[in-house]
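Working notes, beginning with the structure itself.
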Number of protein chains: 2
Amino acid sequence: MSSGALPDGTVVAMCSALADETRWSILTTLGEGDASASALARRLPVTRQAIAKHLAVLHEVGLVETVQAGREVRYRVIGTELSAMARRLDAIGTEWDRRLATIKHLAENI
Amino acid sequence: MSSGALPDGTVVAMCSALADETRWSILTTLGEGDASASALARRLPVTRQAIAKHLAVLHEVGLVETVQAGREVRYRVIGTELSAMARRLDAIGTEWDRRLATIKHLAENI
DNA sequence: ACAACCTGCAACCCTTTGGTTGCAGGCAAG
DNA sequence: CTTGCCTGCAACCAAAGGGTTGCAGGTTGT
């Protein structure tokens, strides 16, 4: 029951990727349109190299994909993996609450 | 559109809480039934103090609640917050893919 | 009353990680 | 061709985080 469609370590990896404010800034910025690392560095208060590291992390868990555009590498945000994990988290949370409800229901019928 | 029902920092905090293997071990163990910190320490390969820290983190983001049971403090896993964030993440991911689809659709109609 | 158990707080260590600077390479436009 | 911009790699730094040991305070049970 605890092991679903996507490997268990994936959830931890993706949550780890999402556990950073700067990374969310990058993601929301990319949500407004594809951009290169340098372009992101101009709009955000961090260095290009820092952004490059973050993009590497995001790419590794499948939250962004790269698109070669001439000499620059544009990054595009992908929602599929995120939605997949979200559905799984929702299922886990629901099961926890369902268990809770069952316990309380049993307690009332004593 | 980017600011929903729950504050934005909450998502980062919860993802940060979920970005640790040991914490997931604790959560899944609690999923099988409430337990105290010492009880968890017996079943998991870490110290009770380490578990106490993790439980504090989980408690702060509302993933667990405490129940005083005599001299011991039992912890209970809560799914509501998790499901709420999951739904939000799903919405974000869906919107990203929707934007992508719109771009591609526009590209075909040139 | 005494022993056993559970809790909380504090100090400490090591690893991870977010961020920086610096440098070298490659493609594109003038 | 040369200048500018974008990329990649490496070294380095400081802060955060996971984990441990140690100690003191309360409760329960015998």
Side-chain angles (χ1 to χ4, degrees), chain A residues 8-30 32-77, chain B residues 8-30 32-78 85:
Chain A
D8 211 41
T10 303
V11 177
V12 175
M14 186 161 311
C15 285
S16 183
L18 295 175
D20 184 88
E21 303 272 5
T22 304
R23 230 123 57 192
W24 273 102
S25 301
I26 293 177
L27 288 175
T28 57
T29 302
L30 286 181
E32 302 169 1
D34 304 356
S36 65
S38 298
L40 288 168
R42 288 186 218 109
R43 305 188 59 185
L44 298 177
V46 282
T47 317
R48 174 187 64 87
Q49 284 85 339
I51 298 220
K53 288 187 188 178
H54 286 305
L55 287 172
V57 173
L58 295 173
H59 184 257
E60 204 163 352
V61 297
L63 283 173
V64 300
E65 74 181 358
T66 66
V67 180
Q68 275 288 358
R71 69 177 162 184
E72 70 181 6
V73 180
R74 303 185 69 81
Y75 286 84
R76 168 173 303 165
V77 74
Chain B
D8 210 41
T10 303
V11 177
V12 175
M14 187 161 310
C15 285
S16 183
L18 294 176
D20 184 87
E21 302 273 3
T22 304
R23 232 124 54 193
W24 274 102
S25 300
I26 293 177
L27 288 175
T28 56
T29 303
L30 286 181
E32 302 169 1
D34 304 356
S36 65
S38 299
L40 288 167
R42 289 186 216 109
R43 305 189 58 186
L44 298 177
V46 283
T47 317
R48 173 187 64 87
Q49 285 85 339
I51 299 223
K53 287 187 189 178
H54 287 303
L55 286 172
V57 173
L58 295 173
H59 185 257
E60 203 162 353
V61 297
L63 283 173
V64 300
E65 73 181 359
T66 66
V67 179
Q68 275 288 359
R71 70 177 162 185
E72 70 181 7
V73 180
R74 302 185 68 82
Y75 286 84
R76 168 172 303 167
V77 74
I78 299 291
M85 187 197 67

* **Distance, rounded to the nearest Å, where B:Gln68 contributes CD and D:dT27 contributes P** => 10 Å

* **CG-CE distance between B:Leu18 and A:Met14, expressed to the nearest 0.5 angstrom** => 12.5 Å

* How would you label the contact of B:Arg42 with the nucleic acid (heavy atoms, under 4.0 Å): base, sugar-phosphate, or nothing? -> sugar-phosphate

* Structure fact -> Separation of D:dG17 atom P from B:Leu58 atom CG, nearest Å, is 14 Å

* Asked: When you match A:Tyr75 and A:Lys53 each to their closest nucleotide on DNA chain D, which lands nearer the 5' end?
  -> A:Tyr75

* Asked: If you count the non-hydrogen atoms of other residues, nucleotides and ligands that lie under 6.0 Å from CD in A:Glu65, is the total more than 12?
  -> yes

* Closest nucleotide among C:dT7, C:dC6, D:dG4 to the B:Val73 side chain -> C:dT7

* Does OP1 or OP2 of C:dG19 have a side-chain N or O of A:Thr22 closer than 4.0 Å? -> yes

* If you find the nucleotide of DNA chain D closest to B:Ser16 and the one closest to A:Ala37, which residue's nucleotide is nearer the 5' end? -> A:Ala37

* To do: Take the protein atom CD of A:Glu72 and the nucleotide atom C1' of C:dG25, then report the distance between them rounded to whole Å.
  => 17 Å

* In terms of side-chain heavy atoms of A:Arg71, which of D:dC5, D:dG19, C:dC5 is nearest? -> D:dC5

* Return the value, rounded to whole Å, for the distance between atom CG of A:Asp20 and atom C1' of D:dG17. => 14 Å

* Asked: CD of A:Glu60 versus C1' of C:dT17: gap in Å, rounded?
  -> 14 Å

* Asked: Mapping B:Ser36 and A:Arg23 onto DNA chain C by nearest heavy atom, which one lands closer to the 5' end?
  -> B:Ser36

* Taking the side chain of B:Gln49 as its heavy atoms from C-beta onward, which of D:dC6, D:dG18, C:dA10 lies nearest to it? -> C:dA10

* Asked: Does B:Arg48 have a side-chain nitrogen or oxygen under 4.0 Å from the phosphate oxygens OP1 or OP2 of C:dC5?
  -> no

* In this structure, which one of A:Val64, A:Val46, A:Val57, A:Ile51 forms a side-chain contact (heavy atoms from CB on, under 4.5 Å) with A:Ile26? -> A:Ile51

* Asked: Could you state the CG-P distance from A:Leu55 to D:dG8, rounded to the nearest angstrom?
  -> 10 Å

* Distance test, side-chain N/O of B:Ser38 to OP1/OP2 of C:dT7, below 4.0 Å -> yes

* To do: Quickly work out the A:Leu40 CG to C:dG18 P distance and round it to whole Å.
  => 17 Å

* To do: Work out which heavy atom in A:Ser38 is nearest to a heavy atom in A:Arg48; give both atom names and the distance.
  => OG-CD, 3.4 Å

* To do: Could you tell me the separation between the CG atom of B:Asp34 and the CD atom of B:Glu72, rounded to the nearest 0.5 Å?
  => 10.5 Å

* Asked: Given C:dG19, is OP1 or OP2 found less than 4.0 Å from the side-chain N or O atoms of A:His54?
  -> yes

